[in-house]
Amino acid sequence: MIEIKNLTKSYDKKCILKNINLKINDNEQISIIGKSGCGKSTLLRCIARLEKIDKGQILIDNENINDIKNFYNKVGMVFQSFNLFENMTVLENLIIAPVKLKMYSKQEALKLAKNYLKEINLENKINEYPKNLSGGEKQRVAIIRALMEKPKILLLDEPTSSLDPQMKKEVLELVTKLKEYNMTIIVVSHELNFVKDFSSRIIFVDNKTILSDDTVEGIFNNENETIKNFLKDVN
């Protein structure tokens with residue numbers, strides 16, 4: 001379980017998140033929505049230990065994230081901009097971290113990577129460099145790279161933000177398939193049709209804090225004007 005208590009985060013004295021309180025149970029699929037710049041991505045980055053919080057704490061299984069050893073076994077993250085190593089092939093991108101971290105032998109990592117690539121129909125791209133991949137292919141490889149470390153929690157920050165409609169479809173189909181992997185998934189997305197189908201809960205962030213934490217039905221039938229206007233504008 002993830003428990004966030006009174007989290008506050010600022011950049012250059014500008015408050016981005018204020019007194020965030022949130023609990024996320026194991027194996028939930030959570031979507032975080034809200035206007036651009038409201039702090040959604042910052043919240044993910046705080047959970048991923050990529051940002052130092054100013055106040056409050058984040059616990060995973062009752063342990064402060066700053067005290068967790070082998071954090072990569074707990075949390076994986078997929079970024080908007082793929083973050084693949086341009087000088088490495090697809091296969092090399094997938095195996096470098098788990099081999100260096102001694103999670104698997106090289107042969108075990110190779111076998112796992114090839115199985116994943118076959119599962120997402122990218123085995124023919126195994127020796128390609130990122131520059132030769134489409135945006136959708138890069139993002140699917142980035143997702144598989146995160147899965148290679150077998151995280152308990154997977155964070156996805158706007159995974160389709162820079163993709164055309166067909167590529168979005170490919171990536172969102174893979175994200176939906178991740179529900180079969182028995183892990184907690186938290187995704188920031190503006191793809192509301194996907195959010196509706198994917199989520200067990202939706203977190204609406206506005207004005208530095210959580211305005212609503214509800215079921216899909218609860219959010220999409222919410223009478224709050226801020227939420228109604230956002231849903232109308234995005235659609």
Side-chain angles (χ1 to χ4, degrees), residues 1-34 37-85 93-104 109 142-159 175 178 181-189 199-213:
M1 182 177 76
I2 304 170
E3 188 171 5
I4 300 172
K5 298 180 179 180
N6 301 314
L7 183 151
T8 295
K9 172 65 182 175
S10 299
Y11 292 120
D12 298 324
K13 298 183 179 180
K14 180 181 179 182
C15 184
I16 306 299
L17 297 168
K18 185 176 182 180
N19 294 330
I20 298 289
N21 289 279
L22 178 63
K23 288 184 179 181
I24 298 173
N25 296 316
D26 289 346
N27 302 328
E28 280 197 284
Q29 291 86 45
I30 304 294
S31 291
I32 303 176
I33 63 174
C38 71
K40 306 182 300 294
S41 294
T42 299
L43 180 56
L44 281 197
R45 290 179 65 84
C46 288
I47 297 171
R49 219 164 64 175
L50 296 174
E51 300 287 351
K52 186 176 180 180
I53 63 178
D54 301 321
K55 295 180 182 177
Q57 59 181 173
I58 302 174
L59 307 175
I60 295 178
D61 297 333
N62 296 313
E63 187 176 5
N64 190 298
I65 61 168
N66 295 321
D67 299 328
I68 296 174
K69 296 179 180 179
N70 298 330
F71 188 73
Y72 51 83
N73 276 338
K74 291 282 188 179
V75 179
M77 186 160 179
V78 178
F79 301 87
Q80 297 179 31
S81 55
F82 321 129
N83 285 16
L84 298 176
F85 297 112
N93 264 281
L94 294 181
I95 70 171
I96 183 171
V99 171
K100 279 197 169 185
L101 293 169
K102 298 183 178 179
M103 297 180 67
Y104 310 107
I143 292 170
I144 294 304
R145 181 178 60 179
L147 293 181
M148 287 288 293
E149 295 176 24
K150 302 288 185 183
K152 182 176 181 180
I153 299 160
L154 184 64
L155 312 175
L156 300 104
D157 184 14
E158 296 279 10
V175 176
L178 297 180
Y181 283 69
N182 295 319
M183 60 183 171
T184 304
I185 305 173
I186 308 173
V187 58
V188 168
S189 180
S199 312
S200 53
R201 279 164 57 204
I202 298 176
I203 311 298
F204 191 96
V205 178
D206 182 70
N207 194 26
K208 308 168 191 171
T209 193
I210 294 174
L211 182 60
S212 183
D213 174 357

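Quick caveat, the model's predicted, so the values are computed rather than measured.
In this structure, Met77 and Leu154 approach most closely via the heavy-atom pair N-CD1, 4.3 Å. Between Leu17 and Ile20, the shortest heavy-atom distance links the atoms CB-CG1, 4.0 Å. Pairing each heavy atom of Val187 with each of Pro159, the nearest pair is CG2-CD, 4.0 Å. Minimum heavy-atom separation, Cys15 to Ser10: CA-OG, 3.3 Å. The two residues Asn73 and Glu149 have their closest heavy-atom pair at OD1-O, 3.6 Å. Heavy-atom minimum distance, Thr209 versus Asn19: OG1-O, 4.2 Å.
In this structure, CD1 on Ile65 lies 4.0 Å from CD1 on Ile58, to the nearest 0.5 angstrom. Between the CD1 atom of Ile153 and the CD1 atom of Ile47 there is a distance of 8.0 Å, given to the nearest 0.5 Å.
No more than 12 heavy-atom neighbours from other residues, nucleotides or ligands sit within 6.0 angstrom of CZ on Phe85.
The side-chain heavy atoms of Ile30 and Leu22, taken from C-beta on, include no pair separated by under 4.5 Å.
One finds a salt bridge joining Asp26 and Lys152 here, because a Lys/Arg side-chain nitrogen approaches an Asp/Glu carboxylate oxygen to under 4.0 Å.
For residues 13-23, every residue pair satisfying the salt bridge (Lys or Arg N to Asp or Glu O under 4.0 Å) rule, not counting sequence neighbours, is listed here: Glu3-Lys23. Residue pairs satisfying the side chain to side chain donor-acceptor pair (under 3.5 Å) criterion with at least one member in residues 45-59, sequence neighbours excluded, are listed as follows: Tyr11-Glu51, Arg45-Glu51.
The salt bridge (Lys or Arg N to Asp or Glu O under 4.0 Å) search around Arg201 returns Glu28, Asp213, not counting sequence neighbours.
Remark: the backbone N or O of Gln29 is not paired with any side-chain donor or acceptor of Ser199 at under 3.5 angstrom.
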